[in-house]
Amino acid sequence: MYKQFINKIKEYDSITIFRHIHPDGDAMFSAMALFRFLKDNFKDKTVKIAGTDDYSVITVKHKISDAYIKKSLAIVVDTSNRNRVDDQRFTMAPYIIKIDHHPIVDQFADLNLVDVKAAACCEFLAEIINSKVFKDFTISPKVCEYLYCGMITDTNTFTTSSTTYKTLKMAAFLAEKGDLKISDLVNYLNDLEIDIYQKVSKIRNYLKIRKHFGYILLDKKDLKEIGIDPFEAKNNIEEIGHIKNLNIWAFAVEDENNTYAVSIRSKRGYVINKICERYGGGGHANACGVKGINKNELDALFKEFVELSTI
Ligand SMILES: [Mn+2]
């Protein structure tokens, strides 16, 4: 499988890297790491990263024409289904490779490399470039740093239930190979601006708990009052999970279409993605989301989580 991957990279002079819409750290750092890795090892190739949405830590703005995509190899990272690819022109590419770690719902690529056990796409990428097939290639400190950062973000600094011994093995490999300054990277990713810290304090007051399910729901008025945009607000979902008696927790925000986007997390093995799928969403067993649902659907969804959380 990896052999096919390397052969396709060799075959094309141009490569376009795609990732999912509203990129999180794993999506962005997977794309950045792959970009750097390809540039380091194939100096004659043109490599670009597609996508227009922003990620707070790093943004990339590569201008990409239709003609460029039509002649390039497309590599889509950290994206489980075709609708979530940021820049739908990826379908114009003559050959598409997917590298992902989400549950398999849509094998949209010509070559699908998926490890559902990997805690982050960056973990899987680290494993791929550390495999025998890639043994003659350079893995630069920058590539190590990007992959490590992606792993920190998707595993909430190695604390999620998806974190395994393999995650830590890959992290150790990257830390050694790139001589990484571990605490500097954690600070770089997790330190907050004072205004965000103060906004987060306000957000906490919106927490509601029903049985073993906790949630924060912010409508447009709340978001305006706090002065935070919906996606920035939703980044604060993880800390709700530190409340001892909660098994499932959610963060919902109203969007510009008066519908709701919800992120949901669970611990102690509560499987939540099957419920999300019934509402048109999806994701991992313990971390998933639903978008574009109305208030009644949101209430129904939350009711299911309240019930599930007590079993
Ligand atoms: Mn991911």
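As the structure lists them, so they are numbered: ligands from 1, and atoms in each ligand from 1. Heavy atoms only: backbone and side chains are in, while hydrogens, waters and symmetry mates are out.
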Atom nearest to the Mn ion (ligand 1) - [X], N, O or S atoms considered:
{"X": "Asp78", "answer": "OD1"}
{"X": "Asp26", "answer": "OD2"}
{"X": "Asp154", "answer": "OD2"}

Between Ser140 and Thr138, a side-chain donor and acceptor under 3.5 Å: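 Result is no, nothing qualifies.
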Criterion salt bridge (charged side-chain N to carboxylate O under 4.0 Å, His left out) against Arg19, the qualifying member of Asp53, Asp78, Asp86, Asp24: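 Of the listed residues Asp53, Asp78, Asp86, Asp24, the salt bridge (charged side-chain N to carboxylate O under 4.0 Å, His left out) partner of Arg19 is Asp86.
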Pair Glu238 + Arg265, salt bridge at N-O below 4.0 Å: yes
Where does the angle between the aromatic ring planes of Phe29 and Tyr55 fall among parallel (under 30°), tilted (30 to 60°) and perpendicular (over 60°)?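 Correct class here is perpendicular.
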Can you tell me if an N/O/S atom from His101 lies under 2.8 Å from the Mn ion (ligand 1)? yes
